[in-house]
**Student:** 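Please see the structure below; I have some questions.
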Amino acid sequence: MRTFRGGLLIGLAVAVLVGVVAIIYEFYDTRTLKRTVRRGEVLCGVNKGLPGFSIPDDKGNWTGFDVDFCRAVAAAIFNDPGKAKFIPLDASERFKELQSRKVDILSRNSTWSMARELDYDLYFPAVAYYDGAGFMLPRSRNKETSLDLSGSKVCVQAGTTTALNVADYFRANNMKYEEVKLESLADVVKAYDTGKCDTFSADVSQLYALRLNLSKPGEHMILPDMISKEPLAPVVRQRDDDWMMIVKWTLYAMINAEELGVTSENIDEALKSKKPEVMRLVGTEGNYGEQLGLTKDWAARIIRHVGNYGEMYERNIGEKSKLKIPRGMNQLWNAGGVQYAPPMR
């Protein structure tokens with residue numbers, strides 16, 4: 001009897017130990033791709049509601065530039081953009097939630113900076129959108145440039161790079177201003193719309209989007225000059241190279257596809273192409289997809305389901321959208337912009 005009880009206790013102890021080890025392994029395992037495949041979906045951290053970038057409708061269907069990028073990652077892995085699950089996050093919680101593995105990827109208008117990589121132990125694989133901080137104000141103020149804003153009362157959101165950029169800009173130009181800092185973006189918009197401040201500062205792309213939410217959008221203007229560099233990029237955890245490579249090359253595949261003229265409408269023809277660059281992109285030559293841990297046609301899946309970079313841009317924030325933000329710096333490098341992807345070879 002004692003032998004039986006001893007064996008039972010040992011067995012229970014081993015079972016508990018195995019369970020604890022499994023939990024620890026799951027928490028600290030950095031192989032996000034394997035966990036994602038096992039789970040059957042990509043968990044994407046997005047903005048709670050920014051028109052053009054990430055916003056749900058009344059039925060919970062998400063649309064936007066950042067949303068489409070997450071769908072592109074899901075398409076590359078599962079051949080199904082519907083395998084992306086969207087988790088809305090505030091600016092103040094986004095990096096911590098990525099660190100704690102609540103999400104696999106952050107696709108949420110986040111500026112790439114040295115401090116964020118070092119302080120949060122994160123990695124920004126590639127720039128999805130080149131932006132800069134700017135100012136929105138009532139047209140009735142009759143201001144032409146940011147240098148005319150001395151004495152302004154400026155609304156900014158806490159936990160963003162905007163507050164730092166505004167402080168640097170006004171100090172560098174010997175201008176005075178009053179800061180109105182609020183935690184939530186909704187509160188910032190409300191404060192500006194109700195006249196608690198006469199200027200609203202954020203990334204220019206965000207200003208275009210948020211202007212649509214104002215009570216009288218047509219009465220507000222966005223100044224043409226930017227006061228900072230705001231490279232917006234998807235974010236992943238460090239020391240997870242396999243996952244980082246997939247996220248990075250998903251974006252680069254979309255940019256290369258636009259440069260090569262491969263779209264969601266002509267992808268079937270592209271699969272028959274004999275052009276070496278196109279063949280490497282769609283997977284009829286080389287084993288680039290397999291080296292990423294995916295299939296040969298991983299990039300073709302992205303383009304078929306989501307489109308190339310230009311298609312993603314235009315339908316969400318470009319000329320085919322309500323925002324109509326000019327491509328500007330986000331044009332391809334051979335069309336006057338700075339968007340540039342390494343070759344796939």
**Student:** Strictly distance-based, threshold 3.5 Å: is any side-chain N or O of E311 a donor or acceptor partner for the main-chain N or O of S264?
**Tutor:** yes

**Student:** Check the surroundings of atom CD in E277: do more than 12 heavy atoms from other residues, nucleotides or ligands lie under 6.0 Å from it?
**Tutor:** no

**Student:** Can you name the nearest heavy-atom pair linking Y208 to P326, along with the distance?
**Tutor:** OH-CD, 4.3 Å

**Student:** List for me each residue that meets salt bridge (charged side-chain N to carboxylate O under 4.0 Å, His left out) alongside R94, sequence neighbours excluded, and say none if there are none.
**Tutor:** none

**Student:** Y177: which residues meet the ring-ring contact (aromatic ring centres under 6.0 Å, His included) condition with it, sequence neighbours left out?
**Tutor:** F170

**Student:** Sequence neighbours left out, what pairs pass salt bridge (charged side-chain N to carboxylate O under 4.0 Å, His left out) with at least one residue falling in residues 67-85?
**Tutor:** D68-R71, D68-R315

**Student:** Set out, in order, the CA-CA distance, both residues' side-chain angles and the distance that settles side-chain contact (heavy atoms from CB on, under 4.5 Å) for L260 and L281, then state yes or no.
**Tutor:** CA-CA 9 Å; L260 293 171; L281 173 70; 4.1 Å; yes

**Student:** Any side-chain heavy atom of V235 sitting closer than 4.5 Å to one from W112?
**Tutor:** no

**Student:** Under the criterion salt bridge (charged side-chain N to carboxylate O under 4.0 Å, His left out), which of R35, K34, R38, R39 is the partner of D104?
**Tutor:** R39

**Student:** Taking C-beta and beyond as the side chain, do L43 and F86 meet within less than 4.5 Å on heavy atoms?
**Tutor:**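 They are not in contact (no side-chain heavy atoms under 4.5 Å apart), so the answer is no.
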
**Student:** Please find the pair of heavy atoms, one from A191 and one from C155, that lie closest to each other, and give the distance.
**Tutor:**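 For A191 versus C155, the nearest heavy atoms are CB-SG, 3.9 Å.
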
**Student:** Just checking, any donor-acceptor pair under 3.5 angstrom between side chains of E230 and N165?
**Tutor:**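 E230 vs N165: donor-acceptor pair found between side chains.
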
**Student:** Any link between I55 and F65 through a network of hydrophobic side chains (Ile, Leu, Val, Met, Phe, Trp, Tyr) touching at under 4.5 Å?
**Tutor:**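 As far as the 4.5 Å side-chain criterion goes, F65 and I55 are not connected within one cluster.
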
**Student:** Rounded to the nearest 0.5 Å, what separation is found between the CG atom of L294 and the CG atom of D242?
**Tutor:** 10.0 Å

**Student:** Given 3.5 Å as the limit, does a donor-acceptor pair link the side chain of N308 with the main chain of V262, or not?
**Tutor:**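 Confirmed, N308 side chain pairs with V262 backbone.
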
**Student:** For S92, enumerate each residue passing the side-chain hydrogen bond (donor to acceptor under 3.5 Å, both in side chains) test, keeping only those at least two apart in sequence or located in another chain.
**Tutor:** none

**Student:** Atom NZ of residue position K324 - does it have more than 12 heavy atoms of other residues, nucleotides or ligands inside 6.0 Å?
**Tutor:** yes

**Student:** Taking all atoms of both residues into account, what is the closest heavy-atom pair of S205 and L323, and its distance?
**Tutor:** O-CD2, 4.4 Å

**Student:** Examine distances only and state if a side-chain atom of N79 and a backbone atom of A75 form a donor-acceptor pair shorter than 3.5 Å.
**Tutor:**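 Side chain of N79 to backbone of A75, a donor-acceptor pair under 3.5 Å: no, none is there.
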
**Student:** Would the distance check show the side chain of R211 and the main-chain N or O of M221 forming a donor-acceptor pair, the cut-off being under 3.5 Å?
**Tutor:** no

**Student:** Can you list every pair that meets side-chain hydrogen bond (donor to acceptor under 3.5 Å, both in side chains) and has a residue in residues 213-223, with sequence neighbours left out?
**Tutor:** Y192-H220, D193-S215

**Student:** Hey, could you give me each pair passing side-chain hydrogen bond (donor to acceptor under 3.5 Å, both in side chains) that has a residue in residues 143-156? Not counting sequence neighbours.
**Tutor:**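 Passing the test, one end in residues 143-156: R141-S152, S146-D225.
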
**Student:** How close do T161 and T111 get, heavy atom to heavy atom, and via which atoms?
**Tutor:** OG1-OG1, 3.9 Å

**Student:** For Y129 and I317, what are the C-alpha separation, side-chain angles and deciding distance, and is it a side-chain contact (heavy atoms from CB on, under 4.5 Å)?
**Tutor:** CA-CA 11 Å; Y129 187 92; I317 56 179; 3.5 Å; yes

**Student:** Can you tell me if E314 uses its side chain to pair, donor with acceptor, with the backbone of E319 under 3.5 Å?
**Tutor:**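 Yes, the answer is positive, given that a donor and an acceptor are paired below the 3.5 Å cut-off.
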
**Student:** Should we say atom OH of Y120 is surrounded by more than 12 heavy atoms from elsewhere, each under 6.0 Å from it?
**Tutor:** no

**Student:** Return yes if some donor-acceptor pair links the side-chain N/O of K248 with the main-chain N/O of P125 below 3.5 Å, else return no.
**Tutor:** no

**Student:** Under the criterion side-chain contact (heavy atoms from CB on, under 4.5 Å), I'd like the reasoning laid out for L271 against M279: C-alpha separation, chi angles, the key distance, then a yes or no.
**Tutor:** CA-CA 7 Å; L271 287 166; M279 293 175 69; over 6 Å; no

**Student:** Is N173 reaching over with its side chain to a backbone N or O of M175, donor-acceptor style, under 3.5 angstrom?
**Tutor:** no

**Student:** In terms of heavy-atom contacts, does CZ of R345 have more than 12 from other residues, nucleotides or ligands at under 6.0 Å?
**Tutor:**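 No, not enclosed.
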
**Student:** How far apart are the closest heavy atoms of W298 and A253, and which atoms are they?
**Tutor:**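 Where W298 meets A253 most closely, the heavy atoms are CH2-CB, 3.8 Å.
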
**Student:** Pairs in or reaching into residues 115-129: which pass salt bridge (charged side-chain N to carboxylate O under 4.0 Å, His left out), with residues at least two apart or in two chains?
**Tutor:**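 Listed by first then second residue: D121-R239.
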
**Student:** Is there a side-chain contact between F69 and T250, using heavy atoms and a 4.5 Å cut-off?
**Tutor:**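 Touching, per the 4.5 Å side-chain cut-off.
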
**Student:** Tell me, do M254 and I302 make a side-chain contact under 4.5 Å, heavy atoms counted?
**Tutor:** yes

**Student:** Looking at E93, I'd like to know if its CD atom is crowded, meaning that more than 12 non-hydrogen atoms belonging to other residues, nucleotides or ligands lie closer than 6.0 Å.
**Tutor:** yes

**Student:** Tell me, which pairs form a side-chain hydrogen bond (donor to acceptor under 3.5 Å, both in side chains) where one or both residues lie in residues 41-67, sequence neighbours left out?
**Tutor:**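 Found N47-N109, K48-D90, D57-N61.
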
**Student:** With the 4.5 Å side-chain cut-off for hydrophobic clustering, are V42 and V67 part of the same group?
**Tutor:**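 In one cluster: no.
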
**Student:** Minimum heavy-atom separation for S201 and L207, please, with both atom names.
**Tutor:**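 Shortest heavy-atom contact: C-CD2, 4.4 Å.
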
**Student:** Under 3.5 Å, side chain of N266 to main-chain N/O of T263, donor-acceptor pair present?
**Tutor:**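 Such a contact is found between N266 side chain and T263 backbone.
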
**Student:** Under a 4.5 Å side-chain heavy-atom rule over Ile, Leu, Val, Met, Phe, Trp and Tyr, are Y288 and I77 clustered together?
**Tutor:** no

**Student:** Residues in salt bridge (charged side-chain N to carboxylate O under 4.0 Å, His left out) with E290, at least two apart?
**Tutor:** K296

**Student:** Carefully, step by step, assess Y130 and L232 under the rule side-chain contact (heavy atoms from CB on, under 4.5 Å).
**Tutor:** CA-CA 6 Å; Y130 289 93; L232 306 183; over 6 Å; no

**Student:** Which pairs with one or both residues in residues 328-338 pass side-chain hydrogen bond (donor to acceptor under 3.5 Å, both in side chains), sequence neighbours excluded?
**Tutor:** E259-W333

**Student:** Is there a side-chain contact between T36 and W243, using heavy atoms and a 4.5 Å cut-off?
**Tutor:**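 A side-chain contact under 4.5 Å exists here.
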
**Student:** Which residues satisfy the salt bridge (charged side-chain N to carboxylate O under 4.0 Å, His left out) test with R327, sequence neighbours excluded?
**Tutor:** E258

**Student:** In terms of the angle between their ring planes, are Y309 and Y313 parallel, tilted or perpendicular, with boundaries placed at 30° and 60°?
**Tutor:**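 Because their plane-to-plane angle lies in the 30° to 60° range, the rings of Y309 and Y313 count as tilted.
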
**Student:** Taking salt bridge (charged side-chain N to carboxylate O under 4.0 Å, His left out) as the test, write out the residues that go with R304, two or more places apart.
**Tutor:**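 By the salt bridge (charged side-chain N to carboxylate O under 4.0 Å, His left out) rule, R304 matches D268.
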
**Student:** With clusters defined by side-chain heavy atoms of hydrophobic residues (ILVMFWY) lying less than 4.5 Å apart, directly or transitively, does L50 cluster with V46?
**Tutor:** no

